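See structure below.
Predicted model only: the values in this text are computed from it and were never measured.
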Amino acid sequence: MTNNSTLTPPLGDYAEVDGRKLWIHKSGDGDGPTVVFLPGASAIGLDYYGVHTQVAGFATSVLYDRGGSGYSDSMPLPRTAEAIAVELHDLLHSQGVPGPYILAPHSLGGAYAHRFAQLFPDEVAGLVFIDAYHYNWDDYVPAELSLAAGEQLAPTYEQLQQALPFMRDFVSQALVDFPDEAREALVDYHVSETWINVGIAERSSTSALAEELAAGPAYPDVPFVALTPLAVDPNQAALMSPELLQTMHDGKRRQYDELAASFTGGQNRVLEDTNHSEIIFNRVDAVVQAIRDVSDRAAKS
């Protein structure tokens, strides 16, 4: 059980879903589909504030924290992709946020976007995968890079505690253009016990999520763009050799080339100048452009 009671959001509102409070922030107004950001493990909705503010210039844009993470109420973790997808669906409907939606997941958020698309295909107008999780990862990499191996190699509580000074510096520098209040709140979150515990819990379920998603139907055929960053991520480089890191990148490129090809007109846009952790901060332009392109295609269709 995570404890989020000491965290105070600098903006946004709370909505009650299934007896618990969920944090949500909505901005913008546009004729096209609503854009919903799904955070990765250890990330929260407010991390995507920089992208969100630009997307809000041409569409309704939604940030939120799933139950058990960020500013939302505590609950046992990990959770199934279905539980999280249904929760998001209920949240959007309870707040009168109109569908259909363009889902923009980052990292582990891809699992939850995938399940949402399986359960509510008629409410998905498009997908923008920001280096997002996809269930068939093991088909593209050797055993030492499998989802199960990644769970075993994930940082421990002690290692994450030792990394907190690095995280403070990283977040402070990455969010230099954020408003002071939002930046300070994010720094506080990313050096908190909640940040450590949520990340550990959510990263422990990647194999189970793959089994859950593999048992479901295919994606709806909607406008799709994957953003695949291939610069070295310091967090990943600390855990594997340069050779293994290259193998991982090669597998990731193949995976998203094939995933994009499964959608009519789907694209995999490779970014050589950013990495998994920093793409939402230093390539806001690429993320916003992908969302705009998917939004334009969805509006036409």
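Nearest heavy-atom pair across Ser107 and Gly40 is CB-CA, 3.9 Å. Residues Ala182 and Pro10 share a closest heavy-atom pair of CA-CG, 4.0 Å. Between Phe178 and Asp47, the shortest heavy-atom contact is CZ-O, 3.8 Å. When all heavy atoms of Leu227 and Ala286 are compared, the closest pair comes out as CD1-O, 3.9 Å. Residues Val284 and Ile280 approach most closely at CG2-O, 3.4 Å, considering heavy atoms. Of all heavy-atom pairs spanning Ala104 and Ile291, the tightest one is CB-CD1, 4.3 Å.
Side-chain contact, Asp138 with Ser146: no donor N or O sits under 3.5 Å from an acceptor N or O. Side-chain atoms of Arg203 and Ser42 form a donor-acceptor pair, as typed in the model, at a separation below 3.5 Å. Side-chain N/O atoms of His134 and Gln255 include no donor and acceptor closer than 3.5 Å. Under the 3.5 Å distance criterion, with hydrogens and angles disregarded, a donor-acceptor pair is assigned to the side chains of Glu193 and Tyr157. Between the side chains of His25 and Tyr64, no donor N or O sits under 3.5 Å from an acceptor N or O. A donor-acceptor pair shorter than 3.5 Å can be found between the side chains of Asp250 and Gln246.
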Are Phe129 and Phe224 close enough, and set up right, to give a side-chain contact (heavy atoms from CB on, under 4.5 Å), and what steps lead you there? CA-CA 8 Å; Phe129 270 34; Phe224 175 90; 3.9 Å; yes
Working for side-chain contact (heavy atoms from CB on, under 4.5 Å), residues Val55 and Val287: CA-CA 9 Å; Val55 170; Val287 177; over 6 Å; no
Evaluate the side-chain contact (heavy atoms from CB on, under 4.5 Å) criterion for residues Leu147 and Tyr133: first the C-alpha distance (whole Å), next the side-chain angles of each, then the deciding distance (0.1 Å), finally the verdict. CA-CA 10 Å; Leu147 294 173; Tyr133 172 104; 3.9 Å; yes
Please step through side-chain contact (heavy atoms from CB on, under 4.5 Å) for the pair Phe116 and Tyr101, ending with a clear verdict. CA-CA 10 Å; Phe116 190 105; Tyr101 311 104; 4.0 Å; yes
Checking Asp180 against Arg183 for the salt bridge (charged side-chain N to carboxylate O under 4.0 Å, His left out) test, could you report, in this order, the C-alpha distance in whole Å, the side-chain angles of both residues, the deciding distance, and whether it holds? CA-CA 5 Å; Asp180 290 345; Arg183 183 176 62 254; 2.7 Å; yes
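Both Val191 and Val198 are members of a single hydrophobic cluster when ILVMFWY side chains are connected at heavy-atom separations under 4.5 Å.
Heavy atoms from other residues, nucleotides or ligands lying under 6.0 Å from CG of Asn136 number more than 12. Within 6.0 Å of atom CD in Glu144, more than 12 heavy atoms from other residues, nucleotides or ligands are found, so the atom counts as buried in its surroundings. Within a 6.0 Å radius of CZ in Arg168, other residues, nucleotides and ligands contribute 12 heavy atoms or fewer.
Contact check on Arg269 versus Asp293 returns a salt bridge, with a Lys/Arg side-chain nitrogen under 4.0 Å from an Asp/Glu carboxylate oxygen. A salt bridge links Glu212 to Arg115: at least one charged side-chain nitrogen sits closer than 4.0 Å to a carboxylate oxygen. With respect to Asp131 and Lys252, a salt bridge is recorded, a charged nitrogen being found less than 4.0 Å from a carboxylate O. Salt bridge annotation for Glu202-Arg66: present, with a cationic side-chain nitrogen under 4.0 angstrom from a carboxylate oxygen. Between Arg253 and Glu272, at least one side-chain N (NZ, or NE/NH1/NH2) sits under 4.0 Å from a carboxylate O, which counts as a salt bridge.
Between Val294 and Leu127 there is no side-chain heavy-atom pair separated by less than 4.5 Å. For the pair Leu22/Asp73, no side-chain contact is recorded, criterion being any heavy-atom separation below 4.5 Å from C-beta on.
Take Glu16 and apply the side-chain hydrogen bond (donor to acceptor under 3.5 Å, both in side chains) test, not counting sequence neighbours, and it matches no residue.
Screening residues 282-291 for salt bridge (charged side-chain N to carboxylate O under 4.0 Å, His left out) gives Asp273-Arg283, Arg283-Asp285 as the qualifying pairs, with residues at least two apart or on separate chains.
No side-chain donor-acceptor contact under 3.5 Å links Trp23 to the backbone of Gly67.
Of the candidates Asp169, Val171, Leu175, Val171 is the only one forming a side-chain contact (heavy atoms from CB on, under 4.5 Å) with Val187.
Between His89 and His93, the ring-plane angle classifies as tilted under the 30° and 60° cut-offs.
For Phe37 and His106, the gap between ring centers reaches or exceeds 6.0 Å. Ring centroid separation for the pair Tyr71 and Tyr14 does not come in under the 6.0 Å cut-off.
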